[in-house]
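Structure, as structure tokens:
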Amino acid sequence: MKSKTKTLIEAMQILANEIHSEDGVANAAIFEASERLSEQQKRIAELEQELQKSTDQNDLILDEFIRVKCLTRNTEIHQLCERAHIRMRQNVPVIERNHRMQKRIAKLELWIERA
């Protein structure tokens, strides 16, 4: 069973302090690994927030294209809005699909570990 990243980081920090090695290399390596995990965890959280903001912004822009399309009878503007709308809607499902697949993979890995 996988430990939570936070638990793993804390365990590595404790190990870095408690392991006794003559030259201190093991302590330094374990501590550095815990620091890197911590930095990566923070960066992942930041990227997830950026992705959510980007998705929200994309939704707002999609709404704007729909409004522009409704406000004019110009067929060229309609076509431009429609193409932009289609392209943007194609981008969001790819991101959402990747996120769903990552969750499914994690569930399958957990199921395999338990089997």
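This one's a predicted model, so the numbers in the text were calculated from it and none came from an experiment.
Defined by atom type and a distance below 3.5 Å, a donor-acceptor pair is present between the side-chain atoms of Asp56 and Gln52.
Applying the under-4.5 Å side-chain rule to Ile, Leu, Val, Met, Phe, Trp and Tyr, the cluster around Ile77 extends to Val68. Hydrophobic cluster of Leu8: the remaining members, joined at side-chain heavy-atom separations below 4.5 Å, are Ile9, Met12, Leu15, Ile19, Ile30, Leu37, listed by chain and number.
Interatomic distance, SG of Cys81 versus CD1 of Ile86, reported as 11.5 Å (0.5 Å rounding). How far NE2 of His78 is from CZ of Arg73: 8.5 Å, rounded to the nearest 0.5 Å. Within the model, atoms CG of Asn58 and CG of Leu51 stand 10.5 Å from one another, a figure rounded to the nearest 0.5 Å. The CD atom of Glu10 sits 10.0 Å away from the OG atom of Ser38 when rounded to the nearest 0.5 Å. Atom CE of residue Met101 and atom NZ of residue Lys103 lie 13.0 Å apart, to the nearest 0.5 angstrom. Atom CG of Asn27 is separated from atom CD of Glu32 by 13.0 Å, given to the nearest 0.5 angstrom.
Classification of Glu39 and Lys42 as a salt-bridged pair fails, no side-chain N sitting under 4.0 Å from a carboxylate O.
Few gaps surround CD on Glu50; more than 12 heavy atoms of other groups in view lie less than 6.0 Å from it.
Glu22 meets the side-chain contact (heavy atoms from CB on, under 4.5 Å) test with no other residue; sequence neighbours excluded.
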Worksheet item: Going through the distances and angles, do Leu60 and Glu64 end up as a side-chain contact (heavy atoms from CB on, under 4.5 Å)?
Response: CA-CA 6 Å; Leu60 290 172; Glu64 291 298 320; 5.7 Å; no
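A heavy-atom distance below 4.5 Å is not found between the side chains of Ile105 and Leu108. By the 4.5 Å heavy-atom criterion applied to side chains, Gln13 and Glu35 are counted as neighbours.
In terms of modelled atom types and a separation under 3.5 Å, the side chain of Ser34 and the main chain of Phe31 share a donor-acceptor contact.
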